[in-house]
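Have a look at the structure below before the remarks.
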Amino acid sequence: MSENQNILDQFKFDQEKKEIDTSKKVKVGIIGTGWIAEAHAGVLKRCPDVEIVALADIIPGKAEAFAQRKKLPEGIRFYSSDRELVDNEPDLDAVCVCTYNRQHAPCTIYALDHGLNVLLEKPMCVTLEEAVEICRAEKRSGKILSIGFQPRCDENMKMVKKIVESGELGQVYYIQTGGGRRKGIPTPFGTSFIEDETAGIGALADIGCYSLDMVLNAIGYPKPLTVTGYTSNFFGTNPATYPKHPEYAEKFGVDDFGAGFIRLENGVILDFRIAWDMHLDTPGDTIIMGTKGSMRIPSTECWNGSIGGPLKIYHDVAGEPVVTEIPMKHNEIDNFENKMRSFIDAVKYGGEAPVPSSEILYNQAIIDGIVRSAKLGKEIEIEIPEI
């Protein structure tokens, strides 16, 4: 058997579907009934052990219209705020926080402090300070808080981590990652993604957090130490970007491009960039470089937490340079459904958070550091308070 085949045999996939216990129903409320809530409700409806009991939205009539559109069962209760929902649903087990970015922290903290498990959509929040307060609320509550990073469930993403952990690359010392969209500022549903008062941060939070999580999760989420950051909004503030709504340019208050050079613990350098809009189809593949080998993770045209082709490991065999290609695997279960299912199971059986806040705290610290460094125009240290 060849050395290449030996390596391939290490990285086989194993997917299995689990039996669902329907004897106990998990009662869930959804806070915020915008676009991402559609995906949450769709999956939860298909879970035979879940009951959606309440919806909350600050826009009058929006939650009711959402329930009708999604054909949710009769008897669901509607509220005009997250606090009203939490305060009036004593039998609730968990909530999905699907609001715009600037409401992630207050909604999550209130729910945790009132004894509820929380599935918090990405990004975790807007600032590092908010992330710290969320983690402290989780610690106080003793409840499960999972962050909505469905790419973690992708079998190919799991393979990235498996390869790094196998030692096949040796000691990782440099990572290049990022991606973006050639044209993709998210305004089909209005301006909540691009206004500062609702979003707070743009491409960095929307898709940049995915890119960071892919590589940071693979190497065990080392603590970020320093960052030099850059952000811009050349496309978002240009009326020509929105032929049907040129007025959106005046409302644009976040980044449409961000980049950072981050020093991590264990001597790892992370070179990162992300874009909502650029003339390129991609700013480059993700590359993880190690002392024994390097890995290339092909980019996609619209970076959404997936990979664009088979992983390739570049290494030496018997003193000769060799490339080992790891075949891509089709996911038997949709990643978003897998994300929701893993959270529900954790709530039912008292398991660990599928995507723990302690890791995404570092993800948020990097994004926050890029924003602050860009404003200051210099490298800054990242200081994360004790939780």
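Residue numbers count from 1 along this sequence.
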Electrostatic pair [X]:[Y] at N-O distance under 4.0 angstrom:
{"X": "Lys24", "Y": "Asp49", "result": "no"}
{"X": "Glu133", "Y": "Arg136", "result": "yes"}
{"X": "Asp345", "Y": "Arg341", "result": "yes"}
{"X": "Glu51", "Y": "Lys25", "result": "no"}
{"X": "Lys292", "Y": "Asp316", "result": "no"}
{"X": "Arg77", "Y": "Glu89", "result": "yes"}
{"X": "Arg102", "Y": "Glu130", "result": "no"}
{"X": "Lys251", "Y": "Glu247", "result": "no"}
{"X": "Arg152", "Y": "Glu359", "result": "yes"}

If every non-hydrogen atom of [X] is compared with every non-hydrogen atom of [Y], which pair is closest and at what distance?
{"X": "Ala249", "Y": "Asn238", "answer": "CB-C, 3.8 Å"}
{"X": "Pro354", "Y": "Ala346", "answer": "CD-CB, 4.4 Å"}
{"X": "Pro310", "Y": "Glu325", "answer": "CB-CG, 3.5 Å"}
{"X": "Asp93", "Y": "Asn117", "answer": "O-ND2, 3.0 Å"}
{"X": "Leu44", "Y": "Ile30", "answer": "CD1-CD1, 4.3 Å"}
{"X": "Tyr362", "Y": "Lys223", "answer": "CE1-CA, 3.5 Å"}

*So Trp276 and Phe252, would you call those rings parallel, tilted or perpendicular, with 30° and 60° as cut-offs?*
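Trp276 and Phe252: perpendicular rings.
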*Apply the salt bridge (Lys or Arg N to Asp or Glu O under 4.0 Å) test between Arg181 and each candidate in Asp277, Asp256, Asp206, Asp281; give the one that qualifies.*
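Exactly one candidate clears the test, Asp206.
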Backbone N/O of [Y] and side chain of [X]: donor-acceptor pair under 3.5 Å:
{"X": "Ser81", "Y": "Glu84", "answer": "yes"}
{"X": "Ser373", "Y": "Ile370", "answer": "no"}
{"X": "Tyr248", "Y": "Thr241", "answer": "no"}
{"X": "His104", "Y": "Leu120", "answer": "no"}
{"X": "Asp82", "Y": "Ala56", "answer": "no"}
{"X": "Asp271", "Y": "Gln176", "answer": "no"}
{"X": "Asn101", "Y": "Cys125", "answer": "no"}
{"X": "Lys27", "Y": "Val50", "answer": "no"}
{"X": "Asn266", "Y": "Val268", "answer": "no"}
{"X": "Asp285", "Y": "Pro298", "answer": "no"}

Side chains of [X] and [Y], donor plus acceptor under 3.5 Å:
{"X": "Ser192", "Y": "Thr198", "value": "no"}
{"X": "Asp57", "Y": "Thr33", "value": "yes"}
{"X": "Tyr79", "Y": "Asp87", "value": "no"}
{"X": "Glu155", "Y": "His330", "value": "no"}

Applying the 4.5 Å side-chain criterion to the ILVMFWY set and letting contacts propagate, would [X] and [Y] be lumped into a single cluster?
{"X": "Ile380", "Y": "Val126", "answer": "yes"}
{"X": "Ile36", "Y": "Val95", "answer": "no"}
{"X": "Phe272", "Y": "Leu225", "answer": "no"}
{"X": "Phe336", "Y": "Val355", "answer": "no"}

*asked:* Between Glu381 and Arg263, is the salt bridge (Lys or Arg N to Asp or Glu O under 4.0 Å) condition met? List the steps.
replied: CA-CA 10 Å; Glu381 292 187 9; Arg263 298 181 185 276; over 6 Å; no
*asked:* Using the rule side-chain contact (heavy atoms from CB on, under 4.5 Å), only one of Leu145, Ile147, Leu116, Leu119 pairs with Thr108; which is it?
replied: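 Of Leu145, Ile147, Leu116, Leu119, side-chain contact (heavy atoms from CB on, under 4.5 Å) with Thr108 is met by Leu145 alone.
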*Check: His279 ring centroid to Phe235 ring centroid under 6.0 Å*: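 Between Phe235 and His279, which both carry aromatic rings, the centre distance is below 6.0 Å.
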_Test side chain to side chain donor-acceptor pair (under 3.5 Å) applied to Thr324 and His315, step by step_ = CA-CA 8 Å; Thr324 301; His315 53 142; 2.8 Å; yes
_Over-ring placement of Lys122 relative to Tyr210, 6.0 Å and 45° cut-offs_ =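 Ring-cation test returns yes.
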Give a yes or no on this: more than 12 heavy atoms of other residues, nucleotides or ligands lie within 6.0 Å of atom [atom1] of [X].
{"X": "Lys183", "atom1": "NZ", "answer": "yes"}
{"X": "Lys161", "atom1": "NZ", "answer": "yes"}
{"X": "Gln171", "atom1": "CD", "answer": "no"}
{"X": "Tyr174", "atom1": "OH", "answer": "yes"}

*Criterion salt bridge (Lys or Arg N to Asp or Glu O under 4.0 Å) on Arg46 and Asp334, from CA distance to verdict*: CA-CA 13 Å; Arg46 296 194 296 271; Asp334 176 78; 5.7 Å; no
_Nearest 0.5 Å, please: how far is CG in Leu311 from CD1 in Ile163?_
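Ile163 atom CD1 to Leu311 atom CG measures 5.0 Å (nearest 0.5 Å).
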*Supply the atom-to-atom distance Arg372 CZ to Thr231 OG1, rounded to the nearest 0.5 angstrom.*
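Answer rounded to 0.5 Å: 13.0 Å.
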_Any Leu216 side-chain heavy atom under 4.5 Å of Asp213 side chain_ =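 They are not in side-chain contact.
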